[in-house]
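So the structure is just underneath, and the comments pick up after that.
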Amino acid sequence: QRRIFSGIQPTGNLHLGNYLGAVRNWVALQNEYECIFCMVDMHAITASLLNADELRNSTRELAAAMIASGIDPKKNILFNQSQNPDHATLAWIFNCVARLGWMNRMTQFKEKAGKDRENASLGLYAYPALMAADILVYKATHVPVGEDQKQHIELTRDIAQKFNHDYATELFPITEPLIFGTATRVMSLRDGAKKMSKSDASDQSRINLTDTADMIADKIKRAKTDPELLPDTAAGLEGRPEAQNLMGIYAALSGQTLDQAVAVAAGKGWGDFKKLLTETAVSVLDPITSEMRRLMADPGYVDGILREGGEKARALSAPVVKEVYDTVGFLRP
Ligand code: TYM
């Protein structure tokens with residue numbers, strides 16, 4: 001019996017990395033498994049506090065983007081994290097399970113805190129313990145994510161193992177990451193060594209799901225390349241991060257393997273390849289964007305879905321929290 005959980009932060013727009021690395025895989029999984037997809041608004045305020053209207057709006061927009069991408073809100077549980085306080089309850093207990101040494105090794109914390117670590121929030125430091133709680137409060141067995149979240153899933157496993165060991169129980173499953181597809185790590189369009197990310201200062205570095213066809217064309221046209229010709233085989237992409245990234249994006253968007261994509265593009269100049277990539281990107285993203293706009297025209301619709309999802313989520317986590325209370329020795333109300 002598999003139970004899938006995954007989360008995404010409502011900070012700014014959904015970009016191509018989120019879509020290809022995560023959301024598209026979720027769409028594929030929803031037909032086979034029980035899935036819970038969460039807009040993690042409590043994680044969204046760890047880097048800095050956001051304007052309340054903006055956070056509410058980003059949460060709605062993200063939910064609309066997921067539905068527009070093909071996540072069926074009837075089949076899956078779709079909700080925003082803060083609607084289920086059980087996440088925060090379990091996160092506190094996990095704060096007491098996780099060791100400082102474990103948290104100090106988290107690369108995302110180091111990246112996000114930067115040099116001014118004294119000034120990072122306590123929430124940013126504890127972020128991975130809340131993430132473990134998101135997953136384990138539903139006893140989720142599998143978590144589909146992009147490559148960059150692998151370390152956090154490993155920490156989730158460590159927390160589950162220590163909790164189970166210290167309380168001599170088998171309450172929590174040891175969760176597996178699901179990292180698959182041809183775009184598990186989409187890189188910036190401006191720098192093939194940097195991850196495509198919402199927090200990059202340059203909007204040229206990423207393709208957002210809300211970008212118009214003209215914006216997509218412009219970003220791809222200006223995307224960094226190298227002076228060589230496109231290779232004949234996938235092995236020829238080795239050591240060419242920008243070529244590898246653009247070819248990976250093309251393969252993922254067109255539903256081809258990397259070998260097939262390379263074969264299609266072989267012999268083309270960068271200009272022609274970029275045209276092909278633009279056409280492919282627009283044909284995949286345009287229907288999603290227009291459906292998103294349609295859904296956002298009625299914010300009540302999205303709010304209703306999230307509220308219903310929140311109720312279902314609470315019903316699933318309540319018995320787990322009871323078990324945890326009894327295991328830890330908290331008297332229940
Ligand atoms: P977030 O919001 O940064 O990203 C959401 C999902 O998109 C994937 N992703 C990428 N995949 C490929 N290439 C990229 N450039 C790229 N950028 C992002 C991420 O791997 C992720 O799957 N900590 C999580 C949110 C979270 C969560 C959870 C995830 C909170 N609780 C519980 C899983 C389970 C995050 O910041 O994702």
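Start at 1 and go down the list; that is how both ligands and their atoms are numbered. Counting from 1, the numbers follow the sequence of the chain as shown.
Every atom of ligand 1 with a heavy atom of H15 under 4.0 Å away is listed here by number and element: 17 (N). Near K198, meaning under 4.0 Å from one of its heavy atoms, ligand 1 places the atoms 2 (O). Close approach of ligand 1 to F5 (heavy-atom distance below 4.0 Å) involves ligand atoms 32 (C), 34 (C). Ligand 1 places these atoms under 4.0 Å from at least one heavy atom of Q9: 2 (O), 35 (C), 36 (O). For ligand 1 and D134, the ligand atoms under 4.0 Å from any heavy atom of the residue are 28 (C), 30 (C), 31 (N). Heavy-atom proximity to A22, at under 4.0 Å, picks out these atoms of ligand 1: 6 (C), 7 (O), 22 (O). The ligand atoms of ligand 1 that sit less than 4.0 angstrom from a heavy atom of R185 are 12 (C), 13 (N). Residue I135 has at least one heavy-atom neighbour below 4.0 Å for each of these atoms of ligand 1: 32 (C), 34 (C).
D53 has a carboxylate O that lies under 4.0 Å from a charged side-chain N of R56, or vice versa, which qualifies the two as a salt bridge. The residues D148 and K195 are annotated as salt-bridged, a charged nitrogen and a carboxylate oxygen being separated by less than 4.0 angstrom.
Taking 4.0 Å as the cut-off, M187 does not count as a neighbour of ligand 1 on heavy-atom distance. For the ligand labelled ligand 1, residue Q81 lies outside the 4.0 Å heavy-atom shell.
Under the 3.5 Å distance criterion, with hydrogens and angles disregarded, a donor-acceptor pair is assigned to the side chains of S254 and Q256. Side-chain N/O atoms of D203 and N208 include a donor and acceptor closer than 3.5 Å. Between the side chains of N13 and T210, at least one donor-acceptor pair of N or O atoms lies under 3.5 Å.
Residue V186 places at least one N or O, backbone or side chain, under 3.5 Å from an N or O of ligand 1. Considering backbone and side-chain atoms alike, K195 places every N or O at 3.5 Å or more from each N or O of ligand 1. Polar contact with ligand 1: absent for G21 (N/O pair, distance under 3.5 Å). For ligand 1, the polar-atom distance check finds an N/O of Y127 within less than 3.5 Å of one of the ligand's N/O atoms.
Considering only non-hydrogen protein atoms, atom 37 (O) of ligand 1 sits nearest to Q149 NE2, 3.9 Å. Protein heavy atom in closest approach to atom 28 (C) of ligand 1: M131 CG, 3.4 Å.
With S317 as the partner, the side chain to side chain donor-acceptor pair (under 3.5 Å) test is satisfied by one option alone out of D86, T89, D134: D86. If you run side chain to side chain contact (heavy atoms under 4.5 Å, CB included) between Y127 and each of M42, H152, M106, only H152 comes through.
Ring pair F5/Y138 is parallel by interplanar angle, where below 30° counts as parallel and above 60° as perpendicular. Ring geometry for F163 against Y167 counts as tilted: the plane angle lies between 30° and 60°, on a 0 to 90° scale.
Nearest to atom 8 (C) of ligand 1 by heavy-atom distance, out of N25, N18, V23, is N18. With atom 19 (C) of ligand 1 as the reference point, the heavy atom nearest to it among L130, D148, V145, L20 is part of D148.
To the nearest 0.5 Å, atom CZ of residue R206 and atom NZ of residue K194 are 10.0 Å apart.
If you look at V143 next to ligand 1, the close heavy atoms, those under 4.0 Å, all belong to the side chain.
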Let's go through E154 and R157 carefully: what are the C-alpha distance in whole Å and the side-chain angles of both, what is the deciding distance for salt bridge (charged side-chain N to carboxylate O under 4.0 Å, His left out) to 0.1 Å, and is it a yes or a no? CA-CA 5 Å; E154 275 158 16; R157 295 163 63 91; over 6 Å; no
